[in-house]
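So you know, we letter chains A, B, ... as the sequences are listed, proteins then strands, and number each from 1.
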There are 2 protein chains.
Amino acid sequence: MDIESKITSAFAKLGQRNTEQRRIIFEKLIELGHTGEAFSAENFWQELRKTNPRIGRATIFRLIEKLEELKALERINFADGSHCFRICSCEGHHHHLTCTECRRIIELDYCIPEEQISAIQKQANFEIDGHSLTFFGRCEDCQKKDKQ
Amino acid sequence: MDIESKITSAFAKLGQRNTEQRRIIFEKLIELGHTGEAFSAENFWQELRKTNPRIGRATIFRLIEKLEELKALERINFADGSHCFRICSCEGHHHHLTCTECRRIIELDYCIPEEQISAIQKQANFEIDGHSLTFFGRCEDCQKKDKQ
DNA sequence: ATAATTGCAAACTGTTTGCAGCACG
DNA sequence: CGTGCTGCAAACAGTTTGCAATTAT
């Protein structure tokens, strides 16, 4: 499933009305999906209002929330506690590697082995239904920069 | 190293002056360390001002920040994006399991195998210097509650 | 004395909400 | 023409900051 159909199907599941705002947001997300660029909600809003001055902040927040639930968007946490959103090209469950200097994000297909999770589950008597994992470090470019 | 000496040594590293506020915060942290209770910064402040009305919010935030750097406190992230602090009894690096219903926190000694991290490092050409991992689920008690 | 530390209040960031009105179907 | 969706502005939560006053050493 490519990025375009991922977003398209999320919008289809979304709700009843095909409003102009949704079309605008859709277009922008397709664009961001292709470049792989990450964005904050505020950030995304600022970007959109350049061309569409009357679009409301709340509309963006409300839609981002829904798209996150539908897993069309992923929330990515940085080491400093801040976060941003991103449309990932990886299908299914995965994790990220983030650069603490330039905030570059890399998708990883690594995940914790299923048997480890069930061992933890059994040991703690929990019913585990998710986890969040992010690696922090310095990317290739930032390492080079620092050596100079 | 027990909780008491963990906090004591963090305070020793802290700075020059042994102020009354630090003593008050120290006492409260010892208490929270023993019960294992988690707290937000705001929360912690509200609790302290009951007995010490003139303690400032900023003092708490400033000190919590430093204690986190000194690894006397740990920041724990929940599934909904909120977070709290906690004094953990585990020594060294570890992770947590949090209940999405009652917010109970369990310390886990599981961690991602070193060789996996270096494989990721090599593959992505990153210099990994940390990671965050939290498992989400429902604790024993909340599972029971729901079955009733 | 003097510099670290604090309290206060105001500012700030990121997000949510209530509600009246718009516009999609 | 009904109601889902939106814009607005205000409220909110959590945190940070500037600065003058306080206080440990």
Item to check | Nearest-angstrom distance from the residue atom CZ of B:R49 to P of C:dT6 | outcome: 17 Å
Checklist entry - Under the ring pair (Phe, Tyr, Trp, His ring centres under 6.0 Å) test, which residues partner B:F44, sequence neighbours left out? => result B:F39
Checklist entry - Which residues in residues 71-88 of chain A have at least one heavy atom lying under 4.0 Å from any atom of DNA chain D? => result none
Next on the checklist: I'd like to know whether CD of B:E37 has more than 12 heavy-atom contacts from other residues, nucleotides or ligands below 6.0 angstrom.
Outcome noted: no
Checklist entry - Please, which pairs that meet salt bridge (Lys or Arg N to Asp or Glu O under 4.0 Å) have at least one residue in residues 69-91 of chain B, sequence neighbours excluded? => result B:D80-B:R103, B:R86-B:E107
Checklist entry - Of all residues at least two apart in sequence or in a different chain, which pass the side chain to side chain donor-acceptor pair (under 3.5 Å) check with B:H95? => result B:H93, B:H131
Checklist entry - In chain order, what residues pass the side chain to side chain donor-acceptor pair (under 3.5 Å) check against A:R23, with sequence neighbours excluded? => result A:N18
Checklist outcome for this item: Residue set satisfying side chain to side chain donor-acceptor pair (under 3.5 Å) with A:D109, at least two apart, ordered chain then number -> none
Checklist entry - Hey, mind stepping through B:C84 and B:I105 against side-chain contact (heavy atoms from CB on, under 4.5 Å) and telling me if it holds? => result CA-CA 10 Å; B:C84 66; B:I105 297 164; 4.0 Å; yes
Next on the checklist: Measure CD/A:Q16 against C1'/C:dG25 and give the value in whole Å, please.
Outcome noted: 10 Å
Item to check | A:Q46, CD atom: more than 12 neighbouring heavy atoms under 6.0 Å | outcome: yes
Next on the checklist: Looking at every heavy atom in both B:R17 and B:R22, which two are closest together, and how far apart are they?
Outcome noted: O-NH1, 3.2 Å
Next on the checklist: Using a strict heavy-atom distance below 4.0 Å, which residues from residues 17-30 of chain A are in contact with DNA chain D?
Outcome noted: A:R17, A:T19, A:Q21, A:R22
Item to check | Rounded to 10 degrees, the angle between the two terminal axes of the helix from C:dA1-D:dT25 to C:dG25-D:dC1, each from five pairs | outcome: 20°
Next on the checklist: Tell me whether A:K28 is salt-bridged to A:E31, with the criterion being a basic N under 4.0 Å from an acidic carboxylate O.
Outcome noted: yes
Item to check | Given DNA chain D, 5'-ward residue of the pair A:I55 and B:A41, judged by closest heavy atom | outcome: A:I55
Item to check | Residues touching DNA chain D, which here means a heavy atom under 4.0 Å, drawn from residues 57-68 of chain B | outcome: B:R57, B:A58, B:F61, B:R62
Checklist entry - Please give, in whole Å, the distance from C:dT6 P to B:N52 CG? => result 13 Å
Checklist outcome for this item: Taken in chain and number order and not counting sequence neighbours, the residues that satisfy ring pair (Phe, Tyr, Trp, His ring centres under 6.0 Å) with B:F78 are none
Checklist entry - A:W45 and A:T59: side-chain contact (heavy atoms from CB on, under 4.5 Å), yes or no, with the steps? => result CA-CA 9 Å; A:W45 177 56; A:T59 305; over 6 Å; no
Checklist entry - Do A:F11 and A:L14 have side-chain heavy atoms sitting under 4.5 Å apart? => result yes
Checklist entry - Who passes ring pair (Phe, Tyr, Trp, His ring centres under 6.0 Å) against A:Y110, sequence neighbours left out? => result none
Checklist entry - side-chain contact (heavy atoms from CB on, under 4.5 Å) between A:H34 and A:E4: does it pass, once the steps are laid out? => result CA-CA 8 Å; A:H34 283 132; A:E4 197 135 345; 3.5 Å; yes
Checklist entry - For DNA chain D, which nucleotides open and close the run of contacts to chain B, 5' to 3', at under 4.0 angstrom from a non-hydrogen atom? => result D:dT15 to D:dT25
